[in-house]
Amino acid sequence: MDAANTPYTAQVAELHRAIEDKMRYAVGRDPRHARLHDWYAATALAVRDRIVDRWHATARSADEANAKRVYYLSLEFLIGRLLTDSLTNLNLMTAAKEALALHGVSFDQIKDLEPDAALGNGGLGRLAACFMESMATVGLAGLGYGIRYDHGLFRQVIRDGYQVEMPEDWLVFGNPWEFERPEIAYDIGFGGRVLPQDQPDGSSRLVWMPAERVRAVAYDTPVVGWQGTHINTLRLWRARSVEPMRLDAFNRGHHADAFAAQLNATNISRVLYPDDSSEAGRELRLKQEFFFTSASLQDLVRRHMAQQGSVERLPDTASIQLNDTHPAVAVAELVRLLVDEYGLTLERAFSIARGTLGYTNHTLLPEALESWPVTLFERLLPRHMQIIYEINALHLDTATPRPVSSPELRRSISLIDESNGRQVRMGHLAFVGSKKVNGVSALHGDLMKTTVFRDFHKLFPDRITAITNGITFRRWLVECNPGLTALINDSIGNRWVADAEELSELARFVDDTPFMDRYSAVKRENKQRLAALVQDRMGIRLDPDALFDVQIKRIHEYKRQLLNLIETVALYDKMRAEPGRNWTPRVKIFAGKAAASYHRAKLIIKLANDIARVVNNDPVVRDRLRVVFLPNYNVSLAEVIIPAADLSEQISTAGLEASGTGNMKMALNGALTIGTLDGANIEIRDHVGDDNILIFGLRADEVADIKASGYDARAKVAACPSLAQAIEAIRSGVFSPDDPSRYAGLIDHLLNDDVFLVTADFESYEETHKRGAALYRTPLEWRRKALLNTAAMGWFSSDRTIREYARDIWQAAPHPSP
C-alpha cells in the first residue's frame, strides 16, 4: 500500500502488523520475548519494505524518460542513521511511533540503537550524503558510488586525554538498510604486465595482464528524497577474493597461506583512509581508490551500453562527478575501458571521458591534492601509467603548442611532477580530464584560479566554476531540531522543507515577543539535552544558561583548534586574576578526530583534554568556564550538539577552508558564527548581514601578503601580553604537570613556523570573543540575531546546490515522479 495515499489510521494499523510480521519471520523472534534491538531491526525492515516499491518505480521512471544519470563517486558517504531519516522523508514518523506504542515500545528507546554507518569522516562525506538526498528530492536520476567499509575510519576513544583508535564495529548486527547484490560483481586488476597482442586485421593492441585480481561486490542502499517522490541508490563496493581459499594449501596444513589472497583482498574495504605513512599503507590507499573507481566505471558503462548500445553517447546520457581527488584515477580508467574494451582511439576516448567527468575540488592545500610516486603507479597500475603518459603528451601538445609555450609553463601543468622524485599529480589529472572543475564556495573558486590551478585557468578560462556547498534541511533541522521545526511550522507553515527560501518569512517575527520566547525556550531545551548527554558520558555538569561555544570538525592545524585553545587559556587566566568580575559564563565544546598518523593534531586533542581537566576542577572559575572534548564525533553526536550551539567557531586561516558546512548547520539552528572571511563564511555574512555575524582576522589576500613578506610570530607574541602569558602557561607545563615539557615542541613549532598564522589572528579573535560575550549578556539582542541567522539560511540548502550542478555542470533534468 502507498504510504502517501493511505489514511492515517490505516497507516498505523498497517505498520503495526508489518512490524510484528518482520519480528516473527525476518528477525525470527516471538514479539513477547523480543529485545529492544529486535524491535529496531523489525521496524527498520518494515520501513524498508515501504521504500522498495517506490525505489523500483523511480528506476523505471528514469528509464522510461531516458533521463540523464548522474553518478557521484566519493570515498566517503557519512549518511548517519537511516531510520529517522527514512520515516521523516516518507511522512511516516508519527504513524511509526504509534504503531510501536501499540506493541508497548517507545520509538525513542529504539532509534538510538541504530549505529552510525561508518562510511565517512567529516565534511566531505557528509556533503556527499546531503547531495544524494537532495538529488532524490529534486528528482534527478542519481546514483552514488563508494566503498562498504567494514570498520570505517575508527572509533575514537579518549584515554588519559589521548586519542586512541579502535575498530568501528557498526556491522556487528548486520545492516537492515542494504541489499547485497552478489550477481553485480566486477574483477579489479592490479600489477602484472602490459603486452602487445596481434589482431585479426593485422594491427596490434596493448593488453593488460594483471598479476592480481580482486572482486568488487555491490551492496545497494535506497536513498529517500523528501516525501518519497523519488528514491535513488547508493551503491557501495565490498572487496572479496576471486578465489575464497586455496584448498590445496589448506589440505597440506598451510592454513594461513590458504586464506592469504582472501585477506589481501578484503583489506581493501576494511578501513577508510588506511595510514599511508608506510609504503604498504600508500599501496593499500591507492588500491582502495582504484578499486571503487574501476568497479563504479565498469558498472555505469555496462548500464549505459545495455540502454544505449554505443559508448559514443556516454556524455549525453551520463555525468560522473568526482568528489575530490580520491577518484581522480577515473580519468585514466575510463580511457582504458574505452580504448582496451571498446576499441576507441586514445584521442576519442579522452574526448568522451572529458565530456562525461566533472571534478569537485575541496582544498587548496597542495599535500591534499594527492600525488603518487611513478614507481608505485607503474607497479600497481602499469596500463594506467601508460595512458597517463599518453594523455599528458596530448594535453601538453594541445594546451601549449611549441614554440609558444615556455618550459616553466609545461612543467607547471604537466601531469607528472619531475621535481620531487617523479610523482603523478592527481589534481592535475582530474582537472585535465574534466569538463568542469568546481570550487565549493565563491572564494574557493576564485582562489583556485590564482593558486593551485593558476596556469590551468589561463589556458582553460571557462573550466573553473564555483557552486557553493549546501546542507539538507530535512536532516539538519527537521530531524535534529524538532522543537524549532514545530515553531517554524506553526508560524509560517511547512513549505520551507521543500523550498528553503521560505524561511526568510521568519524575519518578521524578530519583534514578536511570544514567538521569541518560544524560540529561546527551544534553544534552552536543546542545550539541556546536550548537557544531559555530557553529564552522562563525561560526568561534567554544564549550565544550560551559559554561552555554548562550539568547534566540531576534523582536527587539523589549518582549522586552528589551537587558536581556540589558546584563547581559552587566556580567558581562564583573566577569570582567575579577576574572580569578582561579571564574566559571561561559557562552555567550550570541542569534538573531532585526528588522522591516526597526524601526531601534532593528536597532541592538540591531548592539550584540549589537559586544559579541560585543569579548568573544570578549578574552584576559582566555578561554573563560569567549562571545557569539554566529546569523543567519537559522528553524525548522531552532531545532531545533538548543533541545535544547542550558541556560537559557531569557523576560524580557519583565511584562504584554506574551501567551504565548510558545519557553519551552515549551526547558523540554521540559530547560532552566531565567529569566523574568518574564509570559505562559505563570506556568503553566510552576505546573507545574514554584517551585524549578525562575528568576523575577525586577516583576509585571504592579507594572509598571502604576510606570508610573502615573512612573518615573525615571536615578535607578535611579545607585543600581546595575554597571548604571551597563555602560550607560556601551555609551554611551561601548567596544564601538564605530569610531563612539563609535553607541549614545548608544539609551542616552539608555533613560534618558529606559524604557517597557519595563529598568533597573527589572536588579538582580533580575542577582541571579537569579548564582543560576543558582551552581546550574550543582552539576551533579547542575541536571540534576535540568532533568529535572523535561521531566517537567512534558505539559500544554503543542498537542494539549491544540486539544482545548480544539474544546470551548470551535469546538464541533467529531473524526471517525472513515479
Side-chain angles (χ1 to χ4, degrees), residues 507 510-511 513 516-517 519-524 526-527 530-531 542-551 560 563-590 611 615 618 620-628 644-651 663 666-667 669-677 681 684-685 688-698 720-723 725-726 758 761-792:
V510 292
D511 297 316
T513 300
M516 296 303 290
D517 287 345
Y519 187 74
S520 298
V522 166
K523 176 63 74 171
R524 196 174 194 283
N526 290 329
K527 293 170 74 172
L530 176 58
L542 303 183
D543 175 8
D545 293 320
L547 171 61
F548 279 23
D549 180 354
V550 174
Q551 189 174 20
R560 298 201 297 189
L563 173 61
N564 192 347
L565 289 169
I566 293 172
E567 192 275 336
T568 302
V569 172
L571 177 62
Y572 172 61
D573 288 341
K574 288 182 172 66
M575 285 183 168
R576 294 181 75 214
E578 300 181 73
R581 188 171 161 186
N582 184 27
W583 296 100
T584 301
R586 185 176 309 182
V587 177
K588 287 274 194 175
I589 297 170
F590 297 87
I611 292 172
V615 170
D618 190 332
V620 174
V621 298
R622 297 190 298 277
D623 289 340
R624 290 175 293 186
L625 182 62
R626 286 282 184 267
V627 181
V628 176
D646 292 309
L647 192 63
S648 166
E649 297 269 356
Q650 309 297 328
I651 60 176
N663 46 6
M666 284 190 269
N669 282 273
L672 271 61
T673 301
I674 181 168
T676 52
L677 285 175
N681 290 354
I684 289 175
R685 178 203 60 179
V688 306
D690 289 331
D691 292 339
N692 301 308
I693 191 170
L694 298 165
I695 295 296
F696 75 93
L698 298 166
C720 180
S722 62
L723 174 59
Q725 182 174 327
V758 169
D761 274 347
F762 177 82
E763 282 186 281
S764 176
Y765 180 59
E766 184 181 43
E767 286 301 314
T768 306
H769 258 298
K770 290 177 183 176
R771 287 198 291 118
L775 179 64
Y776 191 75
R777 290 197 296 274
T778 57
L780 291 179
E781 185 62 19
W782 181 279
R783 290 294 173 230
R784 188 177 191 277
K785 293 177 182 295
L787 176 62
L788 290 173
N789 270 263
T790 300

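Fair warning: this is a prediction, and the values are worked out from it, not measured in the lab.
For Thr768, the side-chain contact (heavy atoms from CB on, under 4.5 Å) test picks out Ile674, Leu694, Phe696, Ser764, Arg771, with sequence neighbours left out. For Gln650, the side chain to side chain donor-acceptor pair (under 3.5 Å) partners are Lys553, Ser648, not counting sequence neighbours. In this view, Lys527 and Asp646, Tyr776 satisfy the side chain to side chain donor-acceptor pair (under 3.5 Å) rule, not counting sequence neighbours.
Shown here for Asp543 and Phe548, the closest heavy-atom pair between the two residues is O-CE1, 3.3 Å. The two atoms that bring Phe762 and Ile566 nearest to each other are CE1-CG2, 3.7 Å, heavy atoms only. In terms of heavy-atom proximity, Ala726 sits nearest to Ala570 at CB-N, 3.9 Å. Residues Val620 and Arg576 approach most closely at CG1-CA, 4.0 Å, considering heavy atoms. Contact record, Glu567 with Tyr765: CB-CE2, 3.5 Å, taken as the closest heavy-atom pair.
A side-chain donor-acceptor contact under 3.5 Å links Arg624 to the backbone of Pro579. Judged by distance alone, with hydrogens and angles left aside, the side-chain atoms of Lys523 form a donor-acceptor pair with the main-chain N or O of Ala645 at under 3.5 Å. Between the side chain of Asn681 and the main chain of Leu677, no donor-acceptor pair closer than 3.5 Å is present. Remark: the backbone N or O of Asn692 is paired with a side-chain donor or acceptor of Asn789 at under 3.5 angstrom. The closest donor-acceptor contact from the side chain of Arg560 to the backbone of Ile651 lies under 3.5 Å. Remark: the backbone N or O of Ile611 is not paired with any side-chain donor or acceptor of Tyr572 at under 3.5 angstrom. Side chain of Arg622 to main chain of Asp618: no donor-acceptor pair is present (N/O by atom type, distance under 3.5 Å, no hydrogens or angles).
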Check against side chain to side chain contact (heavy atoms under 4.5 Å, CB included), Trp782 and Leu647: CA-CA 11 Å; Trp782 181 279; Leu647 192 63; 4.1 Å; yes
Test side chain to side chain contact (heavy atoms under 4.5 Å, CB included) on Asp690 and Arg685; report intermediate values, then the result. CA-CA 6 Å; Asp690 289 331; Arg685 178 203 60 179; 3.1 Å; yes
Pair Glu578, Lys574 - check salt bridge (charged side-chain N to carboxylate O under 4.0 Å, His left out), show working. CA-CA 6 Å; Glu578 300 181 73; Lys574 288 182 172 66; over 6 Å; no
Begin from the C-alpha positions of Lys785 and Val510 and carry the test side chain to side chain contact (heavy atoms under 4.5 Å, CB included) through to its verdict. CA-CA 8 Å; Lys785 293 177 182 295; Val510 292; over 6 Å; no
Run the side chain to side chain contact (heavy atoms under 4.5 Å, CB included) test on Leu698 and Asp761 for me, step by step, so that the C-alpha distance in whole Å, both residues' side-chain angles and the decisive distance to 0.1 Å come before the verdict. CA-CA 7 Å; Leu698 298 166; Asp761 274 347; 3.4 Å; yes
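Inter-residue side-chain proximity for Leu530 and Ile589 is flagged as met; some heavy-atom pair is nearer than 4.5 Å. A heavy-atom distance below 4.5 Å is found between the side chains of Arg586 and Leu571.
We find the CG-CG distance between Asp517 and Leu780 to be 8.5 Å, quoted to the nearest 0.5 Å. Here the straight-line distance linking atom CE of Met575 with atom CG of Leu625 works out to 5.0 Å at 0.5 Å rounding. With rounding to the nearest 0.5 angstrom, the CD1 atom of Ile684 is 5.0 Å from the OG1 atom of Thr673. For the atom pair CG of Asp691 and CG of Leu788, the computed distance is 10.0 Å after rounding to the nearest 0.5 Å. Put simply, CG on Leu775 and OG1 on Thr584 are 9.5 Å apart, with the number rounded to the nearest 0.5 Å. The CD atom of Glu763 lies 4.0 Å from the SG atom of Cys720; values are rounded to the nearest 0.5 Å.
Salt-bridge check for Lys588 with Glu649: passed, with a basic side-chain N closer than 4.0 Å to an acidic carboxylate O.
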